[in-house]
Protein chains: 2
Amino acid sequence: MAVNKKHAFAESDVALAEFAKALSHPARVAILRTLAEKKVCICGEIVEVLPLAQATVSQHLKELKNAGLITGEIEGVRSCYCIHWEHFESMLERLEQFGASLRALKPNSDCC
Amino acid sequence: MAVNKKHAFAESDVALAEFAKALSHPARVAILRTLAEKKVCICGEIVEVLPLAQATVSQHLKELKNAGLITGEIEGVRSCYCIHWEHFESMLERLEQFGASLRALKPNSDCC
DNA sequence: TGTTTATATCGCAAATATACGATGGTTTGT
DNA sequence: ACAAACCATCGTATATTTGCGATATAAACA
């Protein structure tokens, strides 16, 4: 794109879009699911679960981290990732709220 | 990417990711909000509301349509877009369900 | 110390997404 | 029939995403 126009939108729309973007790849959805399932927030196991190379998984993890949805810290040789529940839940609620606010406006009869 | 690996993931993860991708741009979030607000699902008005050129808006509308989140039909000179409530709500529920299933696994104490 | 192991990061290639001007097709209104 | 209005689509430029091999880093271990 010639210019990035994201700044021209409402803050809340941008925030919602960023959350959605973090979830916009099946690998990242799968990573979140895996992190939640394996109570122990192990790391490299994710690579085994996904059909992707280690470098690629590492990149997706980085994106989830940048989005604030997970945290990661190095533990010796391995590094441990966890869902950042506080932020994750807050964004989830924001999205649910968005859905609810639209639903509230839903007309009785569809116009088209 | 050399190859598109999306087919290598679970169907449900792909579906969720596709929904999220449709919401992953503030313009598309704003379009959905606008469509819900203006009960009359007018069209070109969207262009006036957004800080984007008509061609760009048309493209975003097309993407939302491809994702099944809105419907659109030509009405004389203008074309009328509406939220495809059935599919939209179904995807919203799917996402909420995803969130709920993760939350259910949330440990009492964070490990990292 | 040298080796293995677990990860992150770099650099590259290919695919997609974003944005817009220009253009073309339709439908009204004159 | 002509002009104006509305919108979709094409073509194009640029930016971002996706994916991976190769390499770097750092801890654990022989």
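Residue numbers start from 1 in every chain, and the chains themselves are labelled A, B, ... in the order their sequence lines are given, proteins ahead of strands.
- Contacts of E89(A) classified as salt bridge (charged side-chain N to carboxylate O under 4.0 Å, His left out), with partners at least two apart in sequence or in another chain: K106(B).
- Here dG19(D) presents its C1' atom at 14 Å from CG of L61(A), a figure rounded to the nearest Å.
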- Task: Taking Watson-Crick and G-U wobble pairs with both distances under 3.5 Å, convert DNA chain C into its dot-bracket string, 5' to 3', dots for unpaired and | for cross-strand pairs.
- Result: ||||||||||||||||||||||||||||||

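- In this entry the distance linking NZ of K6(A) with C1' of dT17(D) reads 12 Å, nearest Å.
- Between the S24(B) side chain and the K21(B) main chain, a donor and an acceptor come within less than 3.5 Å of each other.
- Not counting sequence neighbours, the partners of E86(B) by the side-chain contact (heavy atoms from CB on, under 4.5 Å) test are H84(B).
- Contacts between residues 47-58 of chain B and DNA chain D, counted as heavy-atom distances below 4.0 Å, involve Q54(B), A55(B), S58(B).
- Counting all heavy atoms, side chain and backbone alike, E45(A) lies closest to I42(A) at OE1-CD1, 3.1 Å.
- Residues passing the side-chain contact (heavy atoms from CB on, under 4.5 Å) test with S12(A), sequence neighbours excluded: A10(A), R94(A).
- One atom, CD of E63(B), and another, C1' of dT9(D), lie 14 Å apart when rounded to the nearest Å.
- Contact between the side-chain N/O atoms of N4(B) and the OP1/OP2 oxygens of dT17(D) is not found at any separation under 4.0 Å.
- The side chain to side chain donor-acceptor pair (under 3.5 Å) test applied to Q54(A) returns no partner, not counting sequence neighbours.
- Residues satisfying the side-chain contact (heavy atoms from CB on, under 4.5 Å) test with Q97(A), not counting sequence neighbours, are none.
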Show me, pair by pair, the donor-acceptor contacts under 3.5 angstrom made by side chains of residues 60-77 of chain B, not counting sequence neighbours?
| unit_1 | atom_1 | unit_2 | atom_2 | d |
| --- | --- | --- | --- | --- |
| H60(B) | ND1 | R28(B) | NH1 | 2.9 |
| E63(B) | OE1 | R28(B) | NH1 | 2.9 |

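- Less than 4.0 Å separates DNA chain D from no heavy atom of any residue of residues 13-38 of chain B.
- R103(B) is linked by a side chain to side chain donor-acceptor pair (under 3.5 Å) to E96(A), counting only residues two or more places apart in sequence or in another chain.
- I46(A) has its CD1 atom 13 Å from the C1' atom of dA6(C), to the nearest Å.
- At a non-hydrogen distance threshold of 4.0 Å, V77(B), R78(B), S79(B), Y81(B) from residues 67-81 of chain B come into contact with DNA chain D.
- Contact record, A27(A) with L50(A): O-CD1, 4.1 Å, taken as the closest heavy-atom pair.
- At dA19(C), one or more side-chain N or O atoms of H60(B) fall inside 4.0 Å of OP1 or OP2 (strictly under the cut-off).
- Side-chain atoms of T34(B) come within 3.5 Å of backbone atoms of A30(B) as a donor-acceptor pair (strictly under, hydrogens ignored).
- The separation between N66(A) atom CG and dT18(D) atom P is 13 Å, rounded to whole Å.
- The distance between atom CD of Q59(A) and atom C1' of dA14(C), rounded to the nearest whole Å, is 14 Å.
- Checked against L23(B) for a side-chain contact (heavy atoms from CB on, under 4.5 Å), the options L23(A), L95(A), L16(A) give a single hit: L95(A).
- Here the closest heavy-atom approach between residue C82(A) and residue C41(A) is recorded as SG-SG, 2.5 Å.
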